[in-house]
Amino acid sequence: MVKHLTYVPTGVCSRRYEIDYEDGKIVKIEIVGGCNGNLSGISKLLEGADIDWVISRLEGTKCGFKQTSCPDQIAKALKTIK
């Protein structure tokens with residue numbers, strides 16, 4: 001059964017993540033706000049990916065001098081599922 005998570009990130013330009021997931025995999029992810037081209041591409045790459053793999057790849061990614069980034073916030077969102 002597909003489950004849904006709405007996540008509000010902090011410290012980044014994006015405003016909200018809508019994530020559908022099932023059996024430990026991302027079914028669909030929509031990122032509202034932020035750098036549209038980059039985040040649309042990331043969303044497409046993540047569809048069908050294993051949640052643990054995505055967390056391990058994206059966690060800790062920084063954006064410039066910020067201590068976080070949209071990819072890091074995606075990892076944080078996914079960790080709330082675990």
Side-chain angles (χ1 to χ4, degrees):
M1 178 163 98
V2 175
K3 296 179 184 172
H4 182 82
L5 169 70
T6 297
Y7 184 84
V8 178
T10 59
V12 295
C13 300
S14 55
R15 296 185 310 272
R16 188 177 76 245
Y17 304 152
E18 300 291 343
I19 304 170
D20 293 335
Y21 60 98
E22 181 177 34
D23 298 327
K25 297 196 181 298
I26 297 170
V27 174
K28 181 179 180 183
I29 180 168
E30 178 186 358
I31 301 169
V32 178
C35 303
N36 186 47
N38 289 335
L39 295 174
S40 292
I42 289 172
S43 295
K44 289 179 183 181
L45 288 171
L46 296 182
E47 289 181 8
D50 179 79
I51 290 172
D52 290 328
W53 180 84
V54 173
I55 292 169
S56 73
R57 293 295 183 150
L58 299 183
E59 188 174 36
T61 303
K62 295 181 181 180
C63 182
F65 295 106
K66 295 179 182 181
Q67 293 302 307
T68 191
S69 66
C70 290
D72 182 55
Q73 289 294 304
I74 291 168
K76 289 184 184 326
L78 294 172
K79 285 179 94 172
T80 69
I81 295 169
K82 301 308 284 174

Run the side-chain donor-acceptor check on residues 23-34: report pairs under 3.5 Å with partners two or more places apart or on a different chain.
none

Where Thr68 and Gly11 come nearest, the two heavy atoms and their spacing: CG2-O, 3.8 Å
Side-chain (Glu22) to main-chain (Met1) donor-acceptor, under 3.5 angstrom: yes
Exam field: side chain Asp72 to backbone Lys62, donor-acceptor pair closer than 3.5 Å: no
Validation row: Leu46, Ile19 side chains within 4.5 angstrom (heavy atoms): no
Residue pairs fulfilling side chain to side chain donor-acceptor pair (under 3.5 Å) with at least one residue in residues 10-21, sequence neighbours excluded: His4-Glu18, His4-Asp20, Thr6-Glu18, Ser14-Tyr17, Arg16-Glu18
For the student: nearest non-hydrogen atoms of Ser69 and Thr61, plus distance: OG-O, 2.7 Å
Leu39 to Cys70 - nearest heavy-atom pair and separation: CD2-CB, 3.7 Å
Nearest-0.5 Å distance that lies between atom SG in Cys13 and atom NZ in Lys66: 4.0 Å
Separation between CD1 of Ile51 and OG of Ser56, rounded to the nearest 0.5 Å: 12.0 Å
Joint hydrophobic cluster, Ile42 plus Val8, side-chain heavy atoms closer than 4.5 Å: no
Residues 75-82, side-chain donor-acceptor partners within the protein, below 3.5 Å, at least two apart:
from: Lys79; atom 1: NZ; to: Glu59; atom 2: OE2; distance (Å): 2.6
from: Thr80; atom 1: OG1; to: Ala77; atom 2: O; distance (Å): 2.5
from: Lys82; atom 1: NZ; to: Asp52; atom 2: OD1; distance (Å): 3.0
from: Lys82; atom 1: NZ; to: Asp52; atom 2: OD2; distance (Å): 3.4

